[in-house]
Every structure is written in structure tokens, then in C-alpha cells.
Amino acid sequence: MIDKLYQEIAAGLKLIKSCAIYQEDVPQDFRNPCFMITFYDQNPSRGINGRLKNSVRVDLLYFPEDETNYQEECWIVGENLQREFQLAGFKIKNRNMKITDKVLHFLFDVDYREYKESIEIKMAELSSNTNLKEV
């Protein structure tokens with residue numbers, strides 16, 4: 001499910017700004033502008049009938065193209081993320097952003113549920129005797 005979450009985040013970011021998107025690590029020779037997706041906390045819990053409820057904390061880092069006028073570019077991208085960023089099939093909560101060391105950090109939580117289907121037979125076939133005679 002985490003792979004699907006990565007794919008949905010990348011698709012959502014492409015709609016906001018068309019640039020390179022990295023997962024968890026930026027290579028040494030990367031070019032600005034780019035995004036980096038990092039997951040920094042996960043809180044799984046059990047639900048009813050084998051369902052799992054997960055809450056994942058995500059940090060989207062945006063490295064601006066113009067390092068001299070980075071503040072304005074970061075705020076514009078941050079506002080677009082606040083207004084337009086969506087994930088199909090996932091619920092986004094607690095959107096927050098800040099600029100640290102010339103990098104925009106767009107922080108949010110994603111809640112989703114998983115269900116692992118069991119192939120175990122729940123109930124055996126019922127055999128009934130209908131050849132009863134009244135006395």
C-alpha cells in the first residue's frame with residue numbers, strides 16, 4: 001500500500017508543478033526545482049474483521065529553482081499544495097508548511113484502511129435430514 005501511496009503523491013505533485021520527484025533521498029547531482037517525498041512516522045492499528053487502519057506522516061520537500069529569491073517561490077508552491085494537492089483513495093489531514101534552510105517542507109498526515117482477504121472457509125456446508133416421519 002505504501003507503493004501506491006508514493007505513486008499517488010507523485011501524481012498529485014505533477015499536477016502542481018512539473019519537475020523531478022525523488023523518494024527518501026536526493027542524489028548528489030540533482031537539479032532544482034525538485035520534490036522529495038519522505039515518510040517519517042507510521043501509526044498502524046487493528047480494526048474490525050482483520051482491517052488495518054494506518055496513519056502515515058509525510059514530509060514533502062520542495063527545493064526551489066531560484067536560490068536567491070527562494071522565499072517567494074517556496075510560498076507560491078506551498079500555497080498551491082495547500083489549495084490543490086489531493087490523493088485519490090487517501091484522506092489527507094493536518095496540512096502544514098514551513099521553510100527551513102531554503103527548502104519548503106509541506107507536512108501532512110494520510111489516513112487509509114487496508115483489508116487482507118482471508119481464504120479460510122468461515123462455515124462448513126450444512127447437511128440437513130428431511131426424511132423425518134411423524135409418529
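Just so you know, these numbers come straight off a predicted model, no measurement behind them. Numbering starts at 1 and runs along the sequence shown.
Using a 4.5 Å cut-off on side-chain heavy atoms (C-beta onward), Leu81 and Tyr62 make no contact. Lys17 is listed as a side-chain neighbour of Val77, based on a closest heavy-atom distance under 4.5 Å. Side-chain contact between Asp25 and Phe30: absent, with no pair of heavy atoms (C-beta onward) separated by less than 4.5 Å. At least one side-chain heavy atom of Leu87 sits less than 4.5 Å from a side-chain heavy atom of Leu5. A 4.5 Å side-chain heavy-atom check between Glu24 and Phe39 finds at least one atom pair inside the cut-off. Side-chain contact between Leu61 and Val26: absent, with no pair of heavy atoms (C-beta onward) separated by less than 4.5 Å. Counting only heavy atoms from C-beta outward, the side chains of Arg46 and Leu52 approach each other to under 4.5 Å. Between Asn94 and Phe108, every side-chain heavy-atom pair lies at or beyond the 4.5 Å cut-off.
Atoms SG and CD, from Cys34 and Glu65 in turn, are 10.5 Å apart once rounded to the nearest 0.5 Å. Note that CD1 of Ile2 is 7.5 Å distant from CD of Glu114, once rounded to the nearest 0.5 Å. Rounding to the nearest 0.5 Å places OG1 of Thr68 at 8.5 Å from NZ of Lys102. Between the OH atom in Tyr40 and the CZ atom in Arg57 there is a gap of 5.5 Å [rounded to 0.5 Å]. Rounding to the nearest 0.5 Å gives a distance of 7.0 Å between CG of Leu104 and CE of Met97. For the atom pair Tyr112 OH and Lys4 NZ, the distance stands at 11.0 Å (nearest 0.5 Å).
Taking the six-membered ring for Trp and the full ring otherwise, the centers of Phe35 and Phe106 sit at least 6.0 Å from each other.
Other residues, nucleotides and ligands contribute over 12 non-hydrogen atoms within 6.0 Å of the NZ atom of Lys14. Open room surrounds CZ on Arg113; 12 or fewer heavy atoms of other groups in view lie less than 6.0 Å from it. Annotation: Gln86, atom CD; neighbour count of heavy atoms from other residues, nucleotides and ligands within 6.0 Å does not exceed 12.
One hydrophobic cluster, built from ILVMFWY side chains closer than 4.5 Å, cannot hold both Leu13 and Ile76; they sit in different ones. Tracing side-chain contacts under 4.5 Å through hydrophobic residues (I, L, V, M, F, W, Y), one reaches Leu60 starting from Ile92; they form part of the same cluster. The same ILVMFWY cluster, assembled from side-chain heavy atoms under 4.5 Å apart, contains both Ile16 and Tyr6. Phe63 and Phe85 are members of different hydrophobic clusters when ILVMFWY side chains are connected at heavy-atom separations under 4.5 Å.
Between the side chain of Glu73 and the main chain of Asp66, a donor-acceptor pair closer than 3.5 Å is present. Side-chain atoms of Asp59 do not come within 3.5 Å of backbone N or O of Leu107 as any donor-acceptor pair.
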Note to self: Between Leu15 and Glu84, does the side chain to side chain contact (heavy atoms under 4.5 Å, CB included) criterion hold? Intermediate values first, please.
What the structure shows: CA-CA 9 Å; Leu15 295 174; Glu84 301 171 18; over 6 Å; no
Note to self: Under the criterion side chain to side chain contact (heavy atoms under 4.5 Å, CB included), I'd like the reasoning laid out for Ile9 against Phe90: C-alpha separation, chi angles, the key distance, then a yes or no.
What the structure shows: CA-CA 10 Å; Ile9 290 172; Phe90 296 96; over 6 Å; no
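Of all non-hydrogen atoms in Lys93 and Asp111, the two that sit nearest each other are NZ-OD2, 2.9 Å. In terms of heavy atoms, Cys74 sits closest to Ile99 at CB-CD1, 3.5 Å.
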